[in-house]
Amino acid sequence: HHDETDVSRSLTLQRSMSSPPAPDRPRFLTAEWRWLLMLNYEVPPAVLAPYVPRGTTLDLFEGRALASIVGFRFLRTALLGVPIPFHRDFDEVNLRFYVRHETPTGETRRAVVFVRELVPRAAIAWTARLAYNEPYAAVPMRSTVPTARVEDPGLVRCEWRHAGRWQHCAAVAVGTPILPPPGSEAEFITEHYWGYTPQRDGGTVEYRVAHPQWRCWDVRDVSFTADVERLYGAQFVPSLSLAPRSAFVAEGSAVAVYF
């Protein structure tokens, strides 16, 4: 009981320290994101430039532009507070990169931009494209992840079928999970609480994502097998054909995506 109390206090402290204030607007989506496998690559800024939404600039880590392959589980998903039957728990794999927006009041909003997001159900992809113009596609998917919160998740593997064959990202979590050290690459990758999406009319949609800071595991046996050219474009092949410059598994948490 003492240990459980300590864990509860620790999680409360993390949440109070790291969660941005909730926006004064309704939540579009609530869910849990769990077992986020993040493979991180350096990508030439010129490759990412066509995807940078209007009003934002690339957010660089130590002068380098990074992009991440992220595979994870969506759990207990609800839209506008309503659970959708047969669409609550599913896998997602995305390719994302990082931008920043300076507001007129001087606030810096650090955000993610998605190049492609894969999910297993057409209705999920359709809803995301309609609401935010996010680049979702529906493909067959499967995963190997823990079924409950654990301190040793072991193998985390996400698979998708595209262009007639199964492809995957995978790694084995090792050691003890910790909060990313300040200034670390893992902190940079995980601490982006906004999303920006280019629109068909040339504008940009901005949305807030709220969640506590995540503990992360180191990993071994990292693997990524994909038809990069067909999924993301030939311009990403040189970068994503190399070993990632960093990789880790984040535990995830409850999240809220706002209008």
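- At a threshold of 4.0 Å, the pair R215-E151 counts as salt-bridged, since one of the basic side-chain nitrogens sits closer than that to a carboxylate oxygen.
- Applying the 6.0 Å contact sphere to CH2 of W166 captures more than 12 heavy atoms from other residues, nucleotides or ligands.
- Atom CZ of R230 is surrounded by 12 or fewer heavy atoms from other residues, nucleotides or ligands within 6.0 Å.
- Ring geometry for W33 versus F74: interplanar angle over 60°, hence perpendicular rather than tilted (30 to 60°).
- Of the listed residues (M38, H211, Q213), just one forms a side-chain contact (heavy atoms from CB on, under 4.5 Å) with T190, and that residue is M38.
- Rounded to the nearest 0.5 angstrom, M141 CE and H168 NE2 are separated by 13.0 Å.
- Note: H192 and Y98 meet the aromatic proximity criterion, with ring centroids under 6.0 Å apart.
- Residues V172 and W217 do not share a hydrophobic cluster, clusters being chains of Ile/Leu/Val/Met/Phe/Trp/Tyr side chains in contact below 4.5 Å.
- Environment of CZ in R110: crowded, with over 12 heavy atoms of neighbouring residues, nucleotides or ligands closer than 6.0 Å.
- Both L58 and W194 belong to a common hydrophobic cluster when Ile, Leu, Val, Met, Phe, Trp and Tyr are linked at side-chain heavy-atom distances under 4.5 angstrom.
- The CZ atom of R27 lies 12.0 Å from the CG atom of L79; values are rounded to the nearest 0.5 Å.
- No donor-acceptor pair under 3.5 Å is formed between the side chain of S143 and the backbone N or O of C158.
- With hydrogens and angles disregarded, a donor-acceptor distance shorter than 3.5 Å links the side chain of E187 to the backbone of G183.
- Both F97 and L60 are assigned to one and the same hydrophobic cluster, defined by single-linkage of ILVMFWY side chains at heavy-atom distances under 4.5 Å.
- Distance alone, capped at 3.5 Å, places no donor-acceptor pair between the S184 side chain and the P180 backbone.
- Of the possible donor and acceptor atoms, one in the side chain of Q167 sits under 3.5 Å from a partner among the backbone N and O of D227.
- Residues Y51 and V237 share a single hydrophobic cluster, defined by chaining ILVMFWY side chains whose heavy atoms lie under 4.5 Å apart.
- Within a 6.0 Å sphere centred on CZ of R165, other residues, nucleotides and ligands contribute more than 12 heavy atoms.
- Side-chain contact between L39 and S68 is absent, with no heavy atoms from C-beta onward closer than 4.5 Å.
- Taking both residues in full, the closest heavy atoms of W160 and V139 are given as CB-CG2, 3.9 Å, listed atom of the first, atom of the second, then distance.
- Taking the centre of each ring, F72 and W35 stay at or above the 6.0 Å mark.
- Side-chain contact check for Y136 versus E92: some heavy-atom pair is nearer than 4.5 Å.
- Within a 6.0 Å radius of CZ in R76, no more than 12 heavy atoms belonging to other residues, nucleotides or ligands are found.
- Residues Y41 and L66 form no side-chain contact, since every pair of their non-hydrogen atoms from C-beta on lies 4.5 Å or further apart.
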Exercise for review: Determine, stepwise, if the pair Y258 / E206 fulfils side-chain hydrogen bond (donor to acceptor under 3.5 Å, both in side chains).
Suggested key: CA-CA 9 Å; Y258 291 81; E206 173 191 80; over 6 Å; no
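- The aromatic ring centres of F259 and F28 sit less than 6.0 Å apart.
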**Study point:** CA sep, side-chain torsions, deciding dist, call: S253, W214, side-chain hydrogen bond (donor to acceptor under 3.5 Å, both in side chains)
**Key:** CA-CA 7 Å; S253 66; W214 295 329; 2.8 Å; yes
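- Connection of V150 to L37 is established within a shared hydrophobic cluster, with ILVMFWY side chains joined at heavy-atom distances below 4.5 Å, either directly or through further cluster members.
- Across all their heavy atoms, E185 and S246 have their closest contact at OE2-OG, 2.5 Å.
- Note on ring orientation: taking the six-membered ring where Trp is involved, the planes of H101 and Y196 are perpendicular (angle over 60°, cut-offs 30° and 60°).
- Side chain of E117 to main chain of V115: no donor-acceptor pair is present (N/O by atom type, distance under 3.5 Å, no hydrogens or angles).
- A donor-acceptor pair under 3.5 Å is formed between the side chain of R34 and the backbone N or O of G252.
- Taking 4.0 Å as the cut-off between side-chain N and carboxylate O, R109 and E102 do not count as a salt-bridged pair.
- Between the S241 side chain and the P238 main chain, no donor and acceptor come within less than 3.5 Å of each other.
- Residue E32 holds its CD atom at 9.0 Å from CG of D89, rounded to the nearest 0.5 Å.
- A distance-only check finds a donor-acceptor pair linking the side chain of R161 to the backbone of G164 [under 3.5 Å].
- Checked by atom type and distance alone, the side chain of T204 pairs as donor or acceptor with a backbone atom of R54 at under 3.5 Å.
- Proximity of a side-chain donor or acceptor of T56 to a complementary backbone N or O of P53 within less than 3.5 Å is detected.
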